[in-house]
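So the structure is just underneath, and the comments pick up after that.
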Amino acid sequence: MLLSDSAFLRACRGERVPHVPVWFMRQAGRSLPEYRALREGVPMLESCTRAELVVEITMQPVRRYGVDAAILFSDIVVPLKAIGVDLDIVPGTGPVVAAPIRDLAAVGQLRELTPEDVPYVTEAIRGAVGELGATPLIGFAGAPFTLASYLIEGGPSKDHRLTKAMMYGEPDLWHALLGRLAKIAAVFLRVQAEAGASAVQLFDSWAGTLGRSDYEKYVRPHSQAVLEAVADLGVPRIHFGVGTGELLASMGAAGAEVVGVDWRVPLDEASKRIGPGRAVQGNLDPTLAFAPTAVMTARAGEVIDAGRHAPGHVFNLGHGVLPGTDPDQLARLVDFVHGYQPR
Ligand code: CP3
């Protein structure tokens, strides 16, 4: 079996597949006991800089579940840390930034990323690709809006109030910040694809907090710039956000081959909104892993049936695997997806 013929890459390209390919956002992580064992005593961001550890954690869900793709074990804030932003990932909280960005001087401090800033990423990808054989590896980056939210708020936020206040109130500062973040994200994706990643995913997790016209005015141009900057690499680009039902058409127009969809919009409807020629990824509600297996798999069948209406479908959850998810449930879900004969 050739890597380029894998079910995952075929689905991204909208080609016929032997089975619906499946992987899970956050498939490596706290729900796996073998992950918790390896991470014991190693802070999250430090673990991302140890290439052998990254390879091992990246491989864990592939071995356990037989998913159709691996995703590099890293984080969206890794490139920011690499250019000197003082930040940490606090367990149970998420990224916390010591000096939040509020003015042009702070934006000026965000220098460009170079491959030499993240040698451990190149090394880890080469190592993982060597072990994965015909299973594709997905590289990823945070989209400018989602990165900006952490940098401006100083940490996770429910309403993104400071972020949106800057966006509405200081548009020049806003565009300067997002322009810089777009360049950083583009380099981070390029490094990963050049080291051997077979696809890249741009996570704009929090873009769903915006209405369509604001998204198009303040955010999409920057995400589109990231996607365009890696278009020449010839790897499928996946573009994902949560709560983006109203933004799917706009996100489709940003240029990715595959648009990720959360659980709120069925994939047939999502595909209509996204428009022709683009595959979809998603979108089982991650909480269904906590329901009885038969309930979960029945809903997974509905997801696959709806996904048949799109030019291509990569099965995933509508967002990341929740901490506390039973890995055996996910193993049963993968088996179900692989064995499912769509109507
Ligand atoms: O398996 C994978 O999906 C690959 C690894 C991955 C991580 N973060 C590892 C991680 C990926 C793709 C990400 C992306 C990421 N990081 C996003 C976009 C995806 C999404 O979920 O919307 C965002 C918004 C972040 C920022 C971030 N980092 C959050 C919100 C958290 C969780 C905080 C918490 O503890 O609840 C992190 C930390 C993080 N990143 C963990 C992992 C496995 C947990 C750290 C731990 O194990 O202690």
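Side-chain atoms are counted along with the backbone in the values below, which use heavy atoms only and exclude waters and symmetry mates. Ligands are counted one by one from 1 in listed order, and the atoms in each one are counted from 1 as well.
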Problem - Donor-acceptor side-chain pairing of D285 and H319 below 3.5 angstrom - result: no
Problem - F240 with L227, same ILVMFWY side-chain cluster at under 4.5 Å - result: no
Handout entry: R161, CZ atom: more than 12 neighbouring heavy atoms under 6.0 Å
Key = no
Practice task
Determine, using ring centers only, whether Y35 and F73 are less than 6.0 Å apart.
Solution key: yes
Handout entry: Qualifying side chain to side chain donor-acceptor pair (under 3.5 Å) pairs, either residue in residues 170-182, two or more places apart
Key = H175-H222
Exercise for the section: Spell out, yes or no, whether F188 and L137 are grouped together once hydrophobic residues are joined by side-chain heavy atoms under 4.5 Å, including indirect joins. Expected result: yes
Completion exercise
The protein residues that pass the under-4.0 Å heavy-atom test against ligand 1 are M25, R26, Q27, A28, R30, Y35, R39, M44, I71, L72, F73, S74, D75, I76, I89, P91, G92, T93, G94, P95, F140, Y150, F203, S205, W206, H319
